[in-house]
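Heads up: the structure comes next, in structure tokens.
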Amino acid sequence: DDVERAGCVTSPASFLLMTHPSRRELAFALRWKLQGQAKSLGVPFETIVDQKNAGTWPTAKQCYLRGLALGTPHIVVFQDDIKVCKDFIPSVLSVIRRQPSEMISYWSWQGKTATKAGRDHRKMTTQWLCTSGPWGQAVSIPRNMMKDLLSWEATYVSSACTTDDTRLAL
């Protein structure tokens, strides 16, 4: 699935982990689990740390800007407290291949924060669910969509909106 151009391999996506210094252990555990997958597949995997206590959106935005700089067709940003499946990176790449022009959220509807809709969904036999917008601990966004989204949100979204998934869903 990698495309060879001018002797270089271009990855289908970059993976950016967002974290805060106070959550060092979470980020370390997640990097330990995922870096090998990323390396074996030749996909960029980096960690962006909120060193200035800027908050969720500024850190996510820094991740998206880094993803744009890496030049991959898709940017995957995920939070340090996400619980990932065994083959998270290959699975995300598979989903991106199937829906290359879509913004995709990766969230399992598990845990204490699951909504009634999520609890009802777990009773169903389907593995996928469509929502009205992206949200949750991991999102992949096509590069061309990310450029437009960053331009739009800078103009139209109030700085009072501090969460990344809320901004993306607007």
Side-chain angles (χ1 to χ4, degrees), residues 1-4 8-50 56 59-64 66-143 145-146 163-166 168-169:
D1 295 310
D2 289 338
V3 179
E4 197 164 330
C8 299
V9 175
T10 302
S11 171
S14 51
F15 288 76
L16 295 121
L17 167 61
M18 56 185 280
T19 190
H20 185 272
S22 66
R23 297 160 66 104
R24 183 175 308 125
E25 295 80 18
L26 289 171
F28 178 81
L30 203 49
R31 277 196 317 263
W32 184 83
K33 186 171 187 174
L34 297 177
Q35 276 182 326
Q37 291 178 28
K39 186 174 183 177
S40 71
L41 294 167
V43 298
F45 181 96
E46 296 184 13
T47 303
I48 304 295
V49 181
D50 181 5
T56 307
T59 307
K61 184 176 180 180
Q62 191 178 358
C63 288
Y64 291 121
R66 178 63 184 144
L68 288 172
L70 289 168
T72 58
H74 290 83
I75 303 162
V76 181
V77 172
F78 54 103
Q79 298 171 6
D80 55 15
D81 61 346
I82 190 172
K83 291 186 176 155
V84 297
C85 61
K86 179 181 173 190
D87 295 317
F88 179 72
I89 290 179
S91 298
V92 168
L93 294 175
S94 178
V95 172
I96 288 171
R97 277 192 300 276
R98 286 171 175 76
Q99 298 293 326
S101 61
E102 299 296 324
M103 185 182 310
I104 304 166
S105 300
Y106 304 91
W107 195 61
S108 68
W109 296 95
Q110 301 294 319
K112 292 185 268 185
T113 59
T115 62
K116 181 183 182 318
R119 288 189 299 275
D120 291 345
H121 171 71
R122 285 189 294 190
K123 296 174 190 172
M124 299 159 64
T125 58
T126 181
Q127 295 292 320
W128 300 98
L129 179 68
C130 293
T131 62
S132 60
W135 59 291
Q137 297 169 301
V139 176
S140 64
I141 302 177
R143 175 186 181 74
M145 188 183 294
M146 190 72 251
T163 60
D164 57 320
D165 50 1
T166 300
L168 296 176

Can you name the nearest heavy-atom pair linking R143 to G67, along with the distance?
NH1-O, 3.9 Å
Hey, what do you get for CG (L17) to OG1 (T47), rounding to the nearest 0.5 Å?
4.5 Å
Gap between atom CD of Q137 and atom NZ of K83 - 0.5 Å precision
9.0 Å
Taking every heavy atom of R97 against every heavy atom of P100, the minimum-distance pair comes out as O-CD, 3.6 Å
Could you tell me whether K33 atom NZ has more than 12 heavy atoms of other residues or ligands within 6.0 Å of it?
yes
Can you measure from CZ (F45) to OG (S11) and round to the nearest 0.5 angstrom?
12.5 Å
Between I75 and L68 the two heavy atoms that sit nearest each other are CD1-N, 3.7 Å
Separation of S91 OG from Q37 CD (nearest 0.5 Å)
8.0 Å
Would you compute the distance between atom CD of E46 and atom CZ of R31 and round it to the nearest 0.5 angstrom?
11.5 Å
Could you check if a side-chain atom of V77 sits within less than 4.5 angstrom of a side-chain atom of V139, using non-hydrogen atoms only?
no
Is the shortest side-chain heavy-atom distance between L30 and F78 below 4.5 Å?
yes
Non-hydrogen side-chain atoms of I89 and F15 separated by less than 4.5 Å:
yes
Do D50 and M18 touch side chain to side chain, with heavy atoms closer than 4.5 Å?
no
Side chains of H74 and L93, heavy atoms from C-beta outward: is any pair under 4.5 Å?
no
T72 side chain near P44 side chain, heavy-atom distance below 4.5 Å
yes
How long is the gap from CE on M145 to CE on M103, to the nearest 0.5 Å?
5.0 Å
Specify the closest pair of heavy atoms between A138 and I82, including all atoms of both residues, with the distance to one decimal.
CB-CD1, 3.5 Å
